[in-house]
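Notes follow once the structure below has been shown.
Each chain gets a letter, A, B and so on, in the order the sequences are listed, and its residues count up from 1.
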Amino acid sequence: MASDSSPNSPNSDDSNDSGISAIRAARLQKVEELKQLGMTPYAYTWEVTHPVADLQAKFVDLAAGAEADFDVSIAGRIMARRVFGKLAFFTLQDETGTIQLYLDKKTIQAEMGAADEQAFEHLKKLTDAGDILGARGTIKRTDKGELSVKVKQYAMLTKSLLPLPDKFHGLTDVAKRYRQRYVDLIVNPEVRDTFRKRAQITAAIRRHLDQLGYLEVETPVLQSEPGGAEARPFVTYHNTLDMELYLRIATELHLKRMVVGGFEKVFELGRVFRNEGVSTRHNPEFTTIEMYQAYGDYQNMMALTETMIEAIAQSVTGSTTVTYQGEDISFARPWQRITMHEAVQAKTGIDFSQFDDLAEAKKAATAAGIREVDGCKSIGHVLNEAFEQAVEETLRQPTFVTDYPVEISPLSKPHRSKPGLVERFELFTVGRETANGFSELTDPVDQRERLELQAAKKEAGDLEACSVDEDFITALEYGMPPTVGMGIGIDRLVMVLTDAASIRDVIAFPLLKPEKSDSLSEAVDSPVDL
RNA sequence: GGGUCGCUAGCUCAGUGGUAGAGCAUUCGGCUUUUAACCGACUGGUCCUGGGUUCGAAUCCCAGGCGACCCA
């Protein structure tokens with residue numbers, strides 16, 4: 001598993017003493033010294049009696065200079081060392097926070113003398129910032145007011161070979177933070193908070209849906225025919241079946257099969273994959289939740305959506321109002337609802353419902369400053385362009401946009417009273433699409449026609465269009481109850497609730513191009529100097 | 001895909017044509033109330049890569065890599 005290209009794994013036989021190599025060599029030497037002293041540098045267990053945050057809370061009222069007769073055993077990473085001749089202070093960090101270790105020579109030598117008569121000197125010599133240490137002792141608040149564990153015994157649990165980033169400035173290089181997220185997590189507490197909140201959000205969603213009687217299911221990632229969205233798929237290959245497979249671009253079509261099968265409330269929270277560019281709002285693999293409820297329509301699902309997200313915001317951030325990049329966003333119900341036609345008319349002055357002719361619609365849109373309408377194949381597409389260009393960015397507070405044109409909604413049920421439209425909604429927050437739901441199309445004949453239109457686009461070279469999923473049509477022919485479905489982009493929701501500017505801040509290991517590999521070995525292998 | 005900006009020690013950053021720098025970390029010495037500890041000494045470099053211009057390039061030019069932001 002050794003990687004030659006890693007900047008932090010210099011060759012072990014490399015005798016030059018450039019910075020990192022020298023530090024690493026010195027620490028490997030300490031590993032040997034620990035072994036010779038009978039202290040394993042890589043321990044097996046350590047009894048932990050308290051997370052340090054619990055201690056900070058429990059002794060919040062302990063006076064400066066006071067000691068508590070309270071035994072604790074803790075473990076964590078040394079984040080900082082302040083060492084004197086016969087006294088040392090370490091800052092120890094566990095998952096919950098930090099606490100100071102008060103290490104005085106007299107106490108440690110008295111307590112550990114039998115095991116190691118040089119215990120304090122070895123502590124000074126053989127520990128470094130970055131090491132993982134176990135410590136047992138009592139609670140004390142120092143004269144300067146810092147809550148501390150007055151250490152009686154310590155043990156090296158894991159010796160660290162590589163230096164931590166600057167203790168004051170931390171790690172700020174964004175590329176390095178993403179590539180070596182473990183270092184980012186060690187030194188940047190707010191990054192740990194983000195991923196803790198992310199877990200709280202998904203847990204809260206599961207709890208909410210569980211209480212409503214939803215069943216969590218798992219559907220295939222590997223598919224012979226991707227569908228349920230318009231996106232380019234990733235292609236992979238199954239060796240023994242000798243066939244190409246695609247990574248799913250949505251969970252929709254399989255979840256609907258579950259509804260056909262009789263599960264009336266199902267959801268899947270999982271990863272989908274879309275073969276598209278990378279930006280602050282796009283990662284090629286991202287997490288969605290899709291949920292389906294039989295016998296409900298899009299009005300029911302809008303109600304569920306705002307109830308659920310309001311509850312999540314409250315439980316995760318402690319408020320229904322969050323600040324996103326300096327802007328206050330209120331998730332308090334009720335949220336604004338506006339039809340797509342109304343929204344576009346409000347921003348452009350154009351009433352697209354009046355058009356019968358595509359050319360007329362394009363002309364009006366262009367006159368209103370909407371770009372790139374030439375390629376639009378229908379009035380609905382022009383309307384959608386107008387919406388994306390003139391409206392989307394302006395929808396800051398949570399807003400449901402409803403009643404989309406059928407041309408851009410191939411899986412939605414026709415609107416019960418508005419010809420040409422479907423019963424669909426999308427949720428926009430801080431100008432971004434955050435959720436998408438609709439009364440599901442259950443008519444298998446209509447569905448086949450719509451998917452065949454998509455298939456024709458694919459034939460014509462549209463890489464984001466899908467073929468007809470025959471088995472899905474077959475499922476609909478057995479009969480799907482009236483159903484509403486909805487999907488949420490979990491990453492984007494987490495971004496808003498954690499005030500993250502980039503989707504990469506809420507994905508632990510975002511996709512990055514590999515750093516250029518060391519060209520030295522290639523140069524050696526290649527006799528030709530190009 | 002286009003534009004702008006960035007890449008120098010483990011980390012954070014100075015350095016705009018003339019010997020490669022600072023702080024922190026590391027190493028050594030001192031210190032029993034520190035918390036960006038302090039004091040003293042030292043060490044540490046593929047200046048992202050490859051070409052070019054020049055007596056001389058971290059610096060100027062060209063190409064490439066990776067990243068950030070903006071636009072599409």
Given the [atom1] atoms of [N] and [M], what is the spacing between them in whole Å?
N	M	atom1	answer
B/A58	B/C13	C1'	14 Å
B/A36	B/G29	C1'	22 Å
B/U53	B/G17	C1'	12 Å
B/U54	B/U16	P	23 Å

[X] has a side chain; which of [options] sits nearest to it?
X	options	answer
A/K30	B/A25, B/U27, B/U32	B/U27
A/D128	B/A25, B/U27, B/G67	B/U27
A/F84	B/U33, B/C69, B/G67	B/U33

Practice item. Classify the nucleic acid contact of A/R177 as base, sugar-phosphate or nothing, counting any heavy atom under 4.0 Å across all strands shown. Key: nothing

Practice item. Rounded to the nearest 0.5 Å, what's the gap from CG on A/D357 to NZ on A/K362? Could you check? Key: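 If I round to the nearest 0.5 Å, the distance is 10.0 Å.
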
Using purine N1 to pyrimidine N3 plus N6-O4 or O6-N4 for Watson-Crick, or N1-O2 and O6-N3 for G-U wobble, each under 3.5 Å, what pairs with [N]?
N	result
B/C66	B/G6
B/C42	none
B/A36	none

Point to revise | Polar contact flag, side-chain donor to acceptor under 3.5 angstrom, A/R248-A/T288 | key: no

Review point. Between the base of B/G23 and the side chain of A/D166, is there a donor-acceptor distance below 3.5 Å?
Key: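 Present.
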
Exercise for review: Flag the pair A/F438 / A/Y404 as yes when their ring centroid distance falls below 6.0 Å, and as no otherwise.
Suggested key: no

Point to revise | Within the 6.0 Å centroid threshold, strictly below: A/Y102 and A/F89 | key: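 When the ring centroids of A/Y102 and A/F89 are compared, they turn out to be within the sub-6.0 Å range.
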
